[in-house]
2 protein chains.
Amino acid sequence: MTRLFEVTAEAEADGGLLSDRIRNALTDEIASGALAAGSALEEQQLADRFGASRTPVREALRQLVVSGLVEVRGRRGVVVARMTPERIMDMFETSAEAEAMCVRLATYRMTPLERSHLIELHEASRAMVEASNVDAYDAFNREFHECIYRATHNSFLAEQAQAVRSRLSGFRRTQLRQGDRIRRSREEHEAIMQAIAEGDGDTAARRMRAHMLNAATALRRYIDDRFGGAGSRGEAEDSAPDGV
Amino acid sequence: MTRLFEVTAEAEADGGLLSDRIRNALTDEIASGALAAGSALEEQQLADRFGASRTPVREALRQLVVSGLVEVRGRRGVVVARMTPERIMDMFETSAEAEAMCVRLATYRMTPLERSHLIELHEASRAMVEASNVDAYDAFNREFHECIYRATHNSFLAEQAQAVRSRLSGFRRTQLRQGDRIRRSREEHEAIMQAIAEGDGDTAARRMRAHMLNAATALRRYIDDRFGGAGSRGEAEDSAPDGV
DNA sequence: ATGTCAATTTGTGTATGCAAAATACTGGTA
DNA sequence: TACCAGTATTTTGCATACACAAATTGACAT
């Protein structure tokens, strides 16, 4: 049951391409932290690890560069992008704003059908909370937000928001597991649903932003607990004013 | 002097990598419309065109796939992503929302140094408008918005917003050239600057959104004028007031 | 002893070759 | 004439080989 790379629905489209498999594997390892930030990724070494040649490894790395998960270091190969706590928080904030934006547009544009589907999803999540079924709730959560994306009737925005969200999926699951975050999450969903029902997009957006930032705060607590305060990395680079 | 690939200013940063040159060239051709949406991109054909082998072409294409400019069609190669007018408008709306988000955060977070730099930039743009120097204003515009991105002090958000913006750069230039759009653009900047000066992030965001949507509307006029009105699609939802 | 220059080494960037897959074409049959 | 099967061609995907650039190390000179 524990397949190495649990392929979900959209993985059907990859056609079994080796470069895609490598890309997905590296994505997972980076997201899960198995590959430490800043560590070098040598092509030949990765090729050996995956039993492939350098070519698909190279293609996978190039894709990861565009995705932002790894960084090119001049001509000295690529390194895992530094996902400092600050950067993770930046991403969560971006995701929060994006979701808020989506739910605002969705509130004004969603069809009755979409609204009823969203309500249906939300209702179904109650049982998951009471069963403390994190996996089920995580899956629901994804569908819930994707439903909102679609309801924006802006496919590009939906794709962008989902891309950011997927890059944070690893962290989101960890933060969902702690304390009563699931119950709180659903309560926040409830408030958002109410604003949507009232057609108040701005309120829905504000609540969605708070909802996402709460998740981020829960994650930060988790990170601080787990990695202590003064980690080896993460205070230098991104928030530099890089003066004008 | 007539090098095969006339590299412009930003090409200095590519380090002379063939795959990057090809990627940039293809990006330009796709953005400019020289490569029609939906047209197939055969690797060998592109390799011949660029006087290279298939390898760098492949890498360029893979990067473009992640960028969203081209789409993979199973195992039948890649095609230029369909940039229908609707999708362009979706992207403009997304960009507008992203910029609004950025300017709101920037208003609350920018340092005095960043604020003064922004003011300085804005002042300098007056001369460009009076000279009707589209190229200079386009360059200024880019710097203006990038300055706002940085002022969010959220590097990830800045990168995302800039990525979306860069994908629209080709269209932005075309719409800048028509009518008195430049003058209007600067007036809208003026209003945004005022809101920033007053520390009113929400107003700045609203004005920024309107500013970007005005640009989108100008572009739509341009598209409708150029490609005729009765296009296959594109009358449904884009200019909807979407509340607020 | 230290700094500089050169050579080696390591690793990326590019080219070419080969195999598999998909499409198109052709021939045959109903 | 229409449809199906088989083959051939085209094109992608992967592997391997080669070239070039940068870093490191060692030697030599100051």
Side-chain angles (χ1 to χ4, degrees), chain A residues 4-5 7 10-27 30 35-36 38-82, chain B residues 3-5 7 10-27 29-30 35-81:
Chain A
L4 196 52
F5 309 119
V7 287
E10 68 272 18
E12 244 79 26
D14 65 10
L17 263 66
L18 191 49
S19 60
D20 282 353
R21 286 224 313 272
I22 295 174
R23 176 174 54 79
N24 288 331
L26 290 178
T27 298
I30 292 172
L35 279 172
S39 60
L41 296 175
E42 291 182 18
E43 294 177 356
Q44 187 58 55
Q45 166 188 330
L46 289 174
D48 295 342
R49 253 192 57 199
F50 288 103
S53 78
R54 277 181 53 215
T55 305
V57 172
R58 262 187 81 80
E59 294 189 4
L61 288 178
R62 292 311 175 192
Q63 294 181 28
L64 293 178
V65 168
V66 180
S67 293
L69 274 77
V70 303
E71 299 167 348
V72 289
R73 218 178 13 164
R75 209 177 174 113
R76 268 185 312 183
V78 304
V79 297
V80 178
R82 275 178 265 283
Chain B
R3 264 181 294 179
L4 193 54
F5 311 117
V7 286
E10 67 272 19
E12 244 79 24
D14 64 9
L17 264 66
L18 192 49
S19 59
D20 283 354
R21 286 224 312 272
I22 295 173
R23 176 174 53 78
N24 288 331
L26 289 178
T27 299
E29 294 184 15
I30 293 173
L35 279 172
S39 60
L41 296 175
E42 290 181 20
E43 296 177 357
Q44 186 59 54
Q45 165 189 331
L46 289 173
D48 295 343
R49 252 193 57 198
F50 289 104
S53 78
R54 278 179 51 218
T55 305
V57 172
R58 261 185 83 79
E59 293 192 4
L61 288 178
R62 291 314 179 193
Q63 295 181 42
L64 293 179
V65 168
V66 180
S67 294
L69 274 77
V70 303
E71 299 167 347
V72 289
R73 224 177 7 163
R75 211 179 172 114
R76 278 176 302 182
V78 303
V79 296
V80 178

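Below, read A as the first sequence line, B as the second, and so on, with proteins coming before strands; counting in each chain starts at 1. This one's a predicted model, so the numbers in the text were calculated from it and none came from an experiment.
- Between B:V80 and B:A36 the shortest heavy-atom distance is CB-O, 3.4 Å.
- Between the C1' atom of D:dT10 and the CD atom of B:Q45 lies a distance of 13 Å, rounded to the nearest Å.
- If you measure from atom CG of B:L46 to atom P of D:dT10, you get 18 Å, rounded to the nearest angstrom.
- Going from atom CD of B:E43 over to atom P of C:dA21 covers 17 Å, rounded to whole Å.
- Each of C:dC18, C:dT23, C:dT12 was ranked by its minimum atom distance to the side chain of B:R54; first place goes to C:dC18.
- Rounding to whole angstrom units, CZ of residue B:R58 and C1' of C:dA15 are separated by 14 Å.
- The shortest distance between the side-chain N/O atoms of A:R75 and the OP1/OP2 oxygens of C:dG13 is not below 4.0 Å.
- When each of D:dT11, C:dT12, C:dA15 is scored by its nearest atom to the side-chain atoms of A:E42, the top-ranked nucleotide is C:dT12.
- Annotation: the span from B:L41 atom CG to B:R73 atom CZ amounts to 9.5 Å, rounded to 0.5 Å.
- Close to C:dA21, at under 4.0 Å from its OP1 or OP2, lies no side-chain N or O of B:R76.
- Between A:R62 and C:dG13, a side-chain N or O to OP1/OP2 separation shorter than 4.0 Å is present.
- With rounding to the nearest 0.5 Å, the separation of CD in B:E59 from CG in B:L17 is 8.5 Å.
- The line from CD of B:Q63 to CG of A:L64 is 11.0 Å long, rounded to the nearest 0.5 Å.
- In this structure, B:D20 places its CG atom 11 Å from C1' of C:dG13, rounding to the nearest Å.
- Atom OG1 of residue A:T27 and atom CG of residue A:L35 lie 10.5 Å apart, to the nearest 0.5 angstrom.
- A close approach under 4.0 Å does occur between a side-chain nitrogen or oxygen of B:S19 and OP1 or OP2 of C:dT14.
- Neither OP1 nor OP2 of D:dC14 sits under 4.0 Å from any side-chain N or O of A:T55.
- Here the C1' atom of nucleotide D:dC14 and the CG atom of A:L17 are 10 Å apart, to the nearest Å.
- Look at CD1 on B:I22: it is 10 Å from C1' on C:dT14, rounded to the nearest Å.
- D:dT12 atom P lies 9 Å from atom CG of B:L61, rounded to whole Å.
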